[in-house]
Amino acid sequence: MNFNLDLVLAELADLGPTARYRHDSRLDLDRVEVLGPSSIPRTGSLFVADAASFGALDDVFATAGSFLVLGADAPPEEADEADTPPVLYVPAGPGLPAPAEMLARLLEMRLRLDAWSETLLTAMARDAPLQEVFDIAAEQFANPLMLSDATLYFVLVAGRLPEELDDRLWTSAIATGACPIELCMEAWAAGSSDPGAQDRAFLMENATGDGRSYLVRNLVCGEAYYGCFELVDVNAPFQPADFALVDYLGNLLTLVMPHQGRPQPAEEPLGPLRDLLDGRPVRPQVLEYALSKAGWRADDHFFVARFGTAEPAEDAGARGQTVRLIAEVYPRARFFDDGDAALMVARDADYPLAALHARHAARDVEAGVEPRFRAGFSSLFADFSLVRTAADQAALAYGLVDDARMGGAFGSTLSCFYDDCWFEDMRVRLALDTDASWLLDHATVALARADAEDGAAYVETALTYLGNGCNATRTAEALFIHRNTLAYRLKRIKALSGIDLESPAAAGTDLLRVHLSCRLLAQARR
């Protein structure tokens, strides 16, 4: 491999060299020689020279080549070194090699790097698993090396982790198999306007407030983002050589990732659904054929979920990462881009919506895990031609995730279900905020007046009683009152308004209209 001048700096650390150049992972060298009378200026060459030979150089060498000067102290740093050749100064001292001995040492170093590079390329050429590739790669790094794709492929440790290490990202990555880029995407996003698009190594210094720094390298091939890999400064501080090696490894991996990584899930198998989501008409026969090719039927029950990150992400890389992570949890679903979020179309037979809602209602969350995603779920549908309507429902629920009355959570996802907020949709569509008197049940209005006069909770009691399916036990528990207190309130409601909630059929009470009226009146009080 071509070795970088920063790798030479790291190799000679025992001699105390001083760099006089701008560090750049693309400052590559493909030749090293001892400076002599026959040497000619050449970009990509490293010339090894003693102090006297370097001092006698012609000006023509100032613009071509790099230099390793032995037995000389570095001059003071200049404000702008752009027009000077890159130079490494090695001070005089016991054990300082002669130029020829230094050449031999550098050639040995290059042989080691070439052997490492050849082993990597050979493993890639035979389509070796990525874990094997990274086992080889880790040999060159003093710090832990991790790879993130759709989920963490593995966690590798090169060197020994200190026993006292307690880093909230790194230790949780070992315990949970989740990479820091996935656990703390917002910290990475804070380091750049578009961190997912950077194609060179970049440093996130204490970005997460835990004292750790991360050296991140994205794997981007064309328009596809395949995740990233990272070093964390656990065993040693980062050096310029780490940037050079990380970028070299990243360039190699971009050759193999398209074959082994998983980019954004493809949309082609259900192309007609994409058309319907975009508002374009699709003939029933075309839709049915596309569904059958994917193993689905036109009358399958399905729902749509809208997914995004817990903290809004503006860059495409972060959104793509979210989709890949969600796709790991719901591999039989189909995903579609929807601007700042993603739409998931899933069959109820594969992922029962009722089970997801039960986890949401019970707040079945992972202990000690910060929310990573937000999601809005539609109702169940049995006609795929209505997938756009389902997507609209999911979008409405997505926007109400943070509403304490309707939002919830399960796993590491903040969630909201349309079936819990359909009334909000109706209220907006019917403009009930401005004029709902035409819809209100007048007996319920009389009950609300009695509420205001007596300081009672008749409307809340009626609403809770109807919301719990007229079950007295569940209603009493929800209101934190005794069953006898509930029975008394139900009798008072009947006496004050004529609304008989216990025997509605006999009294001719329209429970649906009473329920809607109670919700409207309760909404107006907020």
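Fair warning: this is a prediction, and the values are worked out from it, not measured in the lab. Count residues from 1 along the sequence.
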Give, for atom [atom1] of [X] and atom [atom2] of [Y], the distance between the pair rounded to the nearest 0.5 Å.
X: T413; Y: R374; atom1: OG1; atom2: CZ; answer: 11.0 Å
X: D242; Y: Q140; atom1: CG; atom2: CD; answer: 10.5 Å
X: T389; Y: L276; atom1: OG1; atom2: CG; answer: 10.0 Å
X: L103; Y: L35; atom1: CG; atom2: CG; answer: 12.0 Å
X: R31; Y: S66; atom1: CZ; atom2: OG; answer: 13.5 Å
X: M102; Y: D50; atom1: CE; atom2: CG; answer: 12.0 Å

Is a donor on one side and an acceptor on the other found under 3.5 Å between the side chain of [X] and the backbone of [Y]?
X: D348; Y: L353; result: yes
X: R217; Y: L231; result: no
X: D247; Y: A201; result: yes
X: S412; Y: R372; result: no
X: D275; Y: P281; result: no
X: D73; Y: P91; result: no
X: D338; Y: L343; result: no

Is any side-chain heavy atom of [X] less than 4.5 Å from a side-chain heavy atom of [Y]?
X: P97; Y: L15; result: yes
X: L68; Y: L12; result: yes
X: F243; Y: L203; result: yes

Mark yes or no: R20 above the aromatic ring of Y89, with NZ or CZ under 6.0 Å from the six-membered ring centre and no more than 45 degrees from the axis.
->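 Not flagged: R20 not positioned over aromatic ring of Y89.
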
Neighbour count >12 (heavy atoms, 6.0 Å) for atom [atom1], [X]:
X: R283; atom1: CZ; result: no
X: D59; atom1: CG; result: no
X: L111; atom1: CG; result: yes

Report yes or no: do Y248 and S117 form a side-chain donor-acceptor pair below 3.5 Å?
->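 A pair is found: one side chain offers a donor N or O, the other an acceptor, under 3.5 Å apart.
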
Under 3.5 Å side-chain donor-acceptor pair for Y21 and D6 |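 Yes, because at least one side-chain N or O of Y21 sits under 3.5 Å from a partner of the opposite role on D6.
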
Salt-bridged, [X] to [Y], with N to O below 4.0 Å?
X: D300; Y: R332; answer: no
X: R42; Y: E33; answer: no
X: D340; Y: R306; answer: yes

Show your reasoning for whether side-chain contact (heavy atoms from CB on, under 4.5 Å) applies to R110 and L29.
-> CA-CA 10 Å; R110 178 161 186 180; L29 307 168; over 6 Å; no

Ring-ring centroid check W296 F302, cutoff 6.0 Å |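 Centroid separation for W296 and F302: 6.0 Å or greater.
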
Relative to each other, are the rings of F141 and W116 parallel, tilted or perpendicular (30° and 60° limits)?
->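 Judged by the thresholds at 30° and 60°, the geometry between F141 and W116 is perpendicular.
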
Indicate the ring-plane relationship of F307 and F377, choosing parallel, tilted or perpendicular according to the 30° and 60° boundaries.
->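 Taking F377 first and then F307, their aromatic rings stand perpendicular (interplane angle over 60°).
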
Starting from the C-alpha separation in whole Å, work towards a yes-or-no answer on side-chain contact (heavy atoms from CB on, under 4.5 Å) for V216 and V246.
-> CA-CA 8 Å; V216 185; V246 160; over 6 Å; no

Show your working on side-chain contact (heavy atoms from CB on, under 4.5 Å) between V304 and R388 and close with a plain yes or no.
-> CA-CA 9 Å; V304 172; R388 180 66 256 175; over 6 Å; no

Would you please test F303 and M344 for side-chain contact (heavy atoms from CB on, under 4.5 Å) and show each step?
-> CA-CA 8 Å; F303 63 91; M344 180 184 83; 4.0 Å; yes

